[in-house]
Enquirer: 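Take a look at this one; I'll ask things after.
All chains are named by letter (A, B, ...) in the order of the sequence lines, taking the proteins before the strands, and each is independently numbered beginning at 1. As a basis for the values below, the full set of heavy atoms in this structure was taken, side chains included, without hydrogen atoms, waters or symmetry mates. Quantities reported herein were computed from a predicted structural model and do not represent experimental measurements.
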Amino acid sequence: QQQVKQSPQSLIVQKGGISIINCAYENTAFDYFPWYQQFPGKGPALLIAIRPDVSEKKEGRFTISFNKSAKQFSLHIMDSQPGDSATYFCAASNSGNTGKLIFGQGTTLQVKP
Amino acid sequence: GAGVSQSPSNKVTEKGKDVELRCDPISGHTALYWYRQSLGQGLEFLIYFQGNSAPDKSGLPSDRFSAERTGGSVSTLTIQRTQQEDSAVYLCASSLARGPYTGELFFGEGSRLTVL
């Protein structure tokens with residue numbers, strides 16, 4: 001019940017295309033859902049986060065869509081660029097400690113020029 | 001200012017030896033976390049320090065793992081009698097915590113541990 005399931009494991013997208021990564025969770029106590037971006041040899045960095053009181057949050061080319069009833073959330077990267085090539089992790093936690101995160105397994109994104 | 005600093009960046013050790021991994025959080029950050037990232041896996045929570053409160057050790061995988069945070073700043077993660085399954089990247093993160101809402105976690109680049 002503590003798991004966060006992420007798919008796909010890897011993704012190849014052409015430059016300018018839309019990248020979509022999906023996550024699903026079971027624990028209804030989760031109320032904070034961040035996405036982290038990690039480049040090789042670096043630590044993860046927060047990309048965007050959402051709370052379940054909204055169904056969508058957009059920051060630049062990055063959008064989180066959230067479906068509370070389905071217990072699913074997704075990251076959409078519009079106009080994908082080669083510089084977006086990285087590993088993306090979804091995560092979830094509850095307001096008791098928002099930094100104590102349960103992470104998905106990660107998605108390796110490759111954007112081809 | 002400087003980010004989260006971790007040392008060593010790489011550590012190769014023999015099975016059965018003890019290792020210490022160090023984390024210097026961002027100055028002023030009261031919350032500090034250790035996570036473990038195994039090859040091809042997601043990140044796994046290990047331990048959380050917040051101010052002077054007792055740490056949340058619920059993620060430590062065995063009693064061979066321990067951590068301390070001195071003076072509310074630097075933290076050391078110690079693994080005793082290392083095993084091959086301990087091989088992973090150990091990531092430290094800090095944040096400006098306000099109660100249970102810890103805000104954005106800032107991760108270091110990690111310490112890669114290889115146990116032969």
Side-chain angles (χ1 to χ4, degrees), chain A residues 1-10 21-25 27 29-53 57 59 62 64 75 86-109, chain B residues 2-7 9-10 21 23-26 29-51 53-60 75 88-112:
Chain A
Q1 196 180 20
Q2 283 291 93
Q3 279 188 321
V4 175
K5 295 182 180 180
Q6 183 172 346
S7 63
Q9 186 174 3
S10 63
I21 305 170
N22 301 299
C23 285
Y25 64 97
N27 188 344
F30 289 150
D31 60 4
Y32 176 66
F33 303 90
W35 284 87
Y36 280 81
Q37 180 188 55
Q38 185 178 31
F39 294 103
K42 302 295 185 182
L46 179 66
L47 191 61
I48 186 172
I50 197 169
R51 292 190 178 272
D53 51 345
K57 183 174 181 180
E59 290 185 1
F62 301 91
I64 299 179
L75 176 69
T87 300
Y88 293 81
F89 293 96
C90 63
S93 63
N94 65 55
S95 53
N97 184 341
T98 57
K100 187 176 177 180
L101 294 162
I102 305 297
F103 280 88
Q105 296 295 88
T107 296
T108 301
L109 171 65
Chain B
V4 176
S5 178
Q6 293 189 244
S7 61
S9 56
N10 279 286
L21 308 176
C23 173
D24 279 278
I26 294 172
H29 280 194
T30 57
L32 187 147
Y33 295 79
W34 284 96
Y35 281 84
R36 178 169 71 175
Q37 185 172 23
S38 302
L39 184 64
Q41 301 295 310
L43 287 78
E44 172 190 17
F45 167 80
L46 296 178
I47 189 169
Y48 160 63
F49 296 91
Q50 166 64 312
S53 302
D56 178 346
K57 305 179 182 180
S58 60
L60 294 178
S75 178
V89 176
Y90 290 83
L91 291 159
C92 176
S94 69
S95 74
L96 267 176
R98 285 171 176 74
Y101 175 62
T102 58
E104 177 178 355
L105 294 188
F106 292 84
F107 282 88
E109 294 190 347
S111 293
R112 180 177 297 277

Enquirer: State, yes or no, whether a side-chain contact exists between B:L105 and A:T98 at a heavy-atom distance under 4.5 Å.
Expert: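 They are not in side-chain contact.
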
Enquirer: Could you tell me whether A:F103 and B:Y35 have their ring centroids closer than 6.0 angstrom?
Expert: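 Yes, the ring centres sit under 6.0 Å apart.
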
Enquirer: I want to check something: taking the side chain as every heavy atom from C-beta on, are A:I102 and B:F45 in contact at a cut-off of under 4.5 Å?
Expert: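 Answer no - side chains too far apart.
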
Enquirer: State which residues pass side chain to side chain donor-acceptor pair (under 3.5 Å) with B:S75; sequence neighbours excluded, sorted by chain then number.
Expert: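 For B:S75, the residues satisfying side chain to side chain donor-acceptor pair (under 3.5 Å) (neighbours in sequence not counted) are B:W34.
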
Enquirer: Using a 4.5 Å cut-off on heavy atoms from C-beta on, say whether the side chain of A:P34 contacts that of B:E104.
Expert: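 With C-beta onward as the side chain, the pair stays apart.
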
Enquirer: Grab the two heavy atoms, one from B:L91 and one from A:G43, that are nearest each other, plus how far apart they are.
Expert: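 Answer, listing the atom of B:L91 first, then A:G43: CD2-CA, 4.2 Å.
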
Enquirer: Kindly write out the residues that satisfy salt bridge (charged side-chain N to carboxylate O under 4.0 Å, His left out) with B:D24, not counting sequence neighbours, or none if the list is empty.
Expert: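 Salt bridge (charged side-chain N to carboxylate O under 4.0 Å, His left out) check on B:D24 returns B:R22.
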
Enquirer: Between A:Q38 and chain B, with a heavy-atom cut-off of 4.5 Å, which part of the residue counts as in contact: side chain, backbone, both or neither?
Expert: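 The side chain, not the backbone.
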
Enquirer: If I take atom CG from residue A:N97 and atom CG from residue B:D56, how far apart are they, to the nearest 0.5 angstrom?
Expert: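 One gets 6.5 Å once the value is rounded to the nearest 0.5 Å.
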
Enquirer: Heavy-atom pairs under 4.5 Å with chain A - which of B:E44, B:Q37, B:R112 has more of them than the others?
Expert: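 Result: the option with the highest number of such pairs is B:Q37.
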
Enquirer: What is the minimum heavy-atom distance between A:K100 and B:S58, and which atoms define it?
Expert: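 It is NZ-OG, 2.9 Å.
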
